[in-house]
There are 4 protein chains.
Amino acid sequence: MAKKTGDKYRAIIEAAVKVIAENGYHNAQVSRIAREAGVADGTIYLYFHNKEDVLISLFQVKMGEFTAAARQELASTADPFERLARLVHLHFTNLEADRNLALVMQIQLRQSDPGIRRGIAEPLREYFHLIEGVINYGVEMKAFRPDLDVRLARQMIFGTMDEVATCWVMSHHPYSLAGLSGQVYQLLARGLTGA
Amino acid sequence: MAKKTGDKYRAIIEAAVKVIAENGYHNAQVSRIAREAGVADGTIYLYFHNKEDVLISLFQVKMGEFTAAARQELASTADPFERLARLVHLHFTNLEADRNLALVMQIQLRQSDPGIRRGIAEPLREYFHLIEGVINYGVEMKAFRPDLDVRLARQMIFGTMDEVATCWVMSHHPYSLAGLSGQVYQLLARGLTGA
Amino acid sequence: MAKKTGDKYRAIIEAAVKVIAENGYHNAQVSRIAREAGVADGTIYLYFHNKEDVLISLFQVKMGEFTAAARQELASTADPFERLARLVHLHFTNLEADRNLALVMQIQLRQSDPGIRRGIAEPLREYFHLIEGVINYGVEMKAFRPDLDVRLARQMIFGTMDEVATCWVMSHHPYSLAGLSGQVYQLLARGLTGA
Amino acid sequence: MAKKTGDKYRAIIEAAVKVIAENGYHNAQVSRIAREAGVADGTIYLYFHNKEDVLISLFQVKMGEFTAAARQELASTADPFERLARLVHLHFTNLEADRNLALVMQIQLRQSDPGIRRGIAEPLREYFHLIEGVINYGVEMKAFRPDLDVRLARQMIFGTMDEVATCWVMSHHPYSLAGLSGQVYQLLARGLTGA
DNA sequence: TATGAATGAGGGTTCATTCAT
DNA sequence: CATGAATGAACCCTCATTCAT
């Protein structure tokens with residue numbers, strides 16, 4: 001039970017993103033996800049423990065892929081400021097690349113269900129860890145202020161990117177999210193260095 | 001129908017904060033809120049259109065009160081930096097004063113239900129407007145950078161405070177939220193001025 | 001309790017006819033009837049035992065008035081055929097005179113609730129008795145067939161008039177109900193006499 | 001959704017007839033119908049859109065079957081009077097064969113709910129059409145009066161049969177309904193021919 | 001008499017999950 | 001592995017009725 005690989009596993013994940021994005025979390029019935037994925041209702045339960053597990057897995061897979069890619073990308077530059085700039089840019093680029101996924105990540109997944117929050121916590125923590133790595137590296141390299149509270153700094157960085165991204169998905173007027181990464185980087189960079 | 005004043009109106013709002021904080025929005029049965037408020041189930045519907053309206057009204061009342069108080073408090077100082085400092089401090093103080101309310105505001109109210117999002121939008125917009133007022137004032141007084149993008153700056157300020165507050169309510173180890181306002185202010189102020 | 005006279009008693013009855021005709025039986029809330037009658041909800045219960053009693057009383061009053069008027073009108077002619085003709089004409093004229101009342105009588109009052117059926121039975125029985133009087137008189141006067149089964153004859157007369165009236169109120173194209181009384185009389189009269 | 005065939009579909013229909021006959025439409029809880037049919041509550045909604053749809057479908061199935069059988073039966077005789085006699089006899093025999101069904105048809109189905117009235121209209125119209133066919137045939141064959149208003153004649157025939165049947169189901173003293181068909185036929189036949 | 005705010009019982013419906021095939 | 005028909009628990013809301021004023 002709950003075989004976490006295979007074509008159908010991915011198909012269900014992708015179907016869930018689409019169905020949840022288009023219908024909202026509460027109208028994303030298991031049967032609808034199954035139909036979109038081209039499998040029977042019961043098949044979902046061969047790959048996932050329950051509906052909540054689909055959501056959580058979706059987040060884990062997508063977030064995991066993003067974090068891994070970002071980790072690699074960031075490691076390829078030694079400049080602390082460049083790392084921060086790339087972080088913001090990757091964050092925005094990733095969301096802008098798949099609007100459905102962005103909708104699910106920024107809006108639909110913000111459920112208060114304890115189980116979901118718990119399942120989301122771990123991949124999120126890993127991303128937080130990545131951000132804190134950027135901060136610590138900047139401090140070590142004397143690029144950022146030495147008296148930075150790493151956790152607060154991370155909360156500022158993530159909080160800002162998250163809020164900017166949420167406003168973007170909610171907006172009725174289309175504009176480029178990645179196009180904002182330069183300015184957002186500037187704001188954050190100043191906060192981390194300062195006068 | 002839907003008389004939006006009176007002792008019972010307030011009693012139901014307060015009961016809703018408590019019950020939703022303790023059980024989550026989806027496990028907060030109307031009958032439980034009614035019992036906590038000391039009224040009959042049906043009485044809820046004399047003051048609110050439906051369960052969703054309770055949550056929305058709760059937000060509107062609490063957020064409205066906070067925004068009004070903050071507006072007054074901020075107006076009492078002419079220093080742009082002091083205004084920003086007070087904004088952060090008021091934001092945190094307000095949430096720390098009522099942990100149940102904070103839980104509802106930071107966690108339970110983040111529902112993807114379209115109706116809830118819609119009901120929340122207006123009071124939130126007003127708060128955003130207040131924050132943007134602080135930014136614009138700082139720019140006018142030549143305290144903040146003249147090239148600031150007001151919306152991005154607001155997203156940084158709100159996003160940061162929101163993320164800090166969310167981590168605080170989710171934390172298992174108790175610590176003071178208001179106690180962080182100084183450092184958060186520093187981070188933000190630097191971002192708005194900067195080298 | 002349940003004072004069955006007075007201006008408000010009549011006002012409530014008339015309000016009930018209007019509200020039920022316009023909104024249907026299931027949307028005819030007591031509070032709506034009260035508002036239409038210009039009294040408080042509770043006042044209804046000073047004049048009626050409960051909502052069902054309003055319905056039943058409405059029927060009793062209206063049917064009683066009609067039966068009494070019809071009885072008098074029929075007595076004023078000695079011709080058995082003329083009596084039957086007048087019965088049909090009065091039945092149709094009465095309904096056509098107040099479309100709201102007709103709607104309530106032919107459609108809305110046809111509820112399956114046992115209480116209502118019971119309350120309606122008595123005034124209806126009196127009307128049936130009146131019809132049977134017309135039949136018996138016709139037989140006695142050797143105008144109608146001597147072998148008539150009075151009950152069946154009454155069922156034919158009432159059933160026919162009732163069906164014609166129901167089709168009339170349900171019809172979307174307006175036409176005169178009373179204008180049909182001549183033909184309906186002919187059909188019935190032939191049935192009662194026959195070759 | 002709403003698969004309108006199969007054993008369970010029929011079982012639910014039959015269970016509904018029984019439960020509604022015994023408890024009345026408004027006291028016929030879906031869960032009671034489900035239990036009587038030997039299925040789960042939710043299963044009802046695999047075969048019907050909602051509770052109202054159960055009642056409407058019940059009528060459509062039963063009325064459809066009756067109309068079809070009657071159409072065939074009537075076609076097997078060329079005598080206009082015989083056709084009328086058979087119509088009355090079939091109408092009564094059908095109702096007498098299933099007292100529960102008769103109760104539902106004559107009493108419980110006479111709801112003022114717009115949805116029910118609408119759902120009932122079509123099968124009823126078909127039956128009306130059948131009756132009018134009998135009348136037209138009689139006129140064509142010069143058996144009935146040439147000046148008959150077909151609609152009024154149909155209303156007399158149906159209204160009379162309906163009223164006789166309603167009195168029969170409502171009666172506390174048991175007697176044969178089909179046993180009345182001869183006399184009822186006589187009454188109607190005379191009305192259609194007449195002196 | 002009259003008011004109208006408050007009461008609280010009661011049921012239709014959805015949908016995640018199962019399991020016989 | 002895959003299916004999809006069947007399950008049944010869970011809850012919001014309405015509205016007739018009451019009673020303190």
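We name chains A, B, ... by the order of the sequence lines, and we start the count at 1 in each one. Not measured: the values here are computed from a predicted model. What's counted below: heavy atoms across the whole structure, side chains too, no hydrogens, waters or symmetry copies.
C:Asp53 has its CG atom 14 Å from the P atom of F:dA16, to the nearest Å. The distance from atom CG of C:Asn23 to atom P of F:dC15 is 11 Å, rounded to the nearest whole Å. When rounded to the nearest whole Å, the span between CZ of A:Arg32 and P of F:dG4 equals 18 Å. The separation between C:Lys51 atom NZ and F:dC15 atom P is 8 Å, rounded to whole Å. Here the C1' atom of nucleotide F:dA16 and the CZ atom of C:Arg35 are 15 Å apart, to the nearest Å. Whole-Å rounding puts the D:Tyr45 OH to F:dA9 P distance at 16 Å. At whole-Å resolution of the value, CD1 in C:Ile20 and P in F:dA16 are 11 Å apart. We find that CD1 of C:Ile44 is positioned 13 Å from C1' of F:dC15, with the value rounded to whole Å.
Place B:Thr43 and B:Tyr25 on DNA chain F by their nearest nucleotides, and B:Tyr25 ends up nearer the 5' end. The 5' end of DNA chain F is approached more closely, in terms of each residue's nearest nucleotide, by D:Asp41 than by the other of C:Asn50 and D:Asp41. Closest-nucleotide positions on DNA chain E for D:Gly42 and C:Val39 were compared, and the one nearer the 5' end corresponds to C:Val39. When each of A:His26 and D:Asn27 is assigned the nucleotide of DNA chain E with its nearest heavy atom, D:Asn27 is the one assigned upstream, toward the 5' end.
By the 4.0 Å N-to-carboxylate-O rule, A:Lys62 lies close enough to A:Glu14 to be salt-bridged with it. Under a 4.0 Å N-O distance rule, the pair B:Arg117/B:Glu52 does not qualify as a salt bridge.
Residues C:Arg110 and C:Tyr25 form no side-chain contact, since every pair of their non-hydrogen atoms from C-beta on lies 4.5 Å or further apart. Considering only heavy atoms from C-beta on, A:Ile33 comes within 4.5 Å of A:Ile44 through its side chain. Counting heavy atoms from C-beta outward, B:Gln111 and B:His26 have side chains that approach closer than 4.5 Å.
Rounded to whole Å, the C1' atom of E:dT1 lies 13 Å from the corresponding atom of F:dT21.
A:Lys18 NZ: 12 or fewer foreign heavy atoms inside a 6.0 Å radius. By the neighbour-count criterion of 12 heavy atoms within 6.0 Å, atom CZ of D:Arg99 is densely surrounded, having more than that number from other residues, nucleotides or ligands.
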Show which side-chain atoms of residues 53-60 of chain B pair as donor or acceptor with protein atoms under 3.5 Å away, not counting sequence neighbours.
unit_1: B:Asp53; atom_1: OD1; unit_2: B:Lys4; atom_2: NZ; d: 3.3
unit_1: B:Asp53; atom_1: OD1; unit_2: B:Ser57; atom_2: OG; d: 3.2
unit_1: B:Asp53; atom_1: OD2; unit_2: B:Lys4; atom_2: NZ; d: 2.8
unit_1: B:Asp53; atom_1: OD2; unit_2: B:His49; atom_2: N; d: 2.9
unit_1: B:Ser57; atom_1: OG; unit_2: B:Lys4; atom_2: NZ; d: 2.9
unit_1: B:Ser57; atom_1: OG; unit_2: B:Asp53; atom_2: O; d: 2.6
unit_1: B:Gln60; atom_1: NE2; unit_2: B:Gly119; atom_2: O; d: 3.3

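Looking at the side chain of C:Gln29, the nearest of the listed nucleotides F:dC15, F:dC13, F:dT3 is F:dC15. The nucleotide whose nearest atom lies closest to any side-chain atom of A:Lys8 is, among F:dA2, F:dT14, F:dA16, F:dA2.
The nucleotide range of DNA chain E contacted by chain C, defined by atoms under 4.0 angstrom from heavy atoms of the protein and reported 5' to 3', is E:dT1 to E:dG4.
Stem list for DNA chain E (at least 3 consecutive Watson-Crick or G-U pairs, distances under 3.5 Å): E:2-21 with F:2-21.
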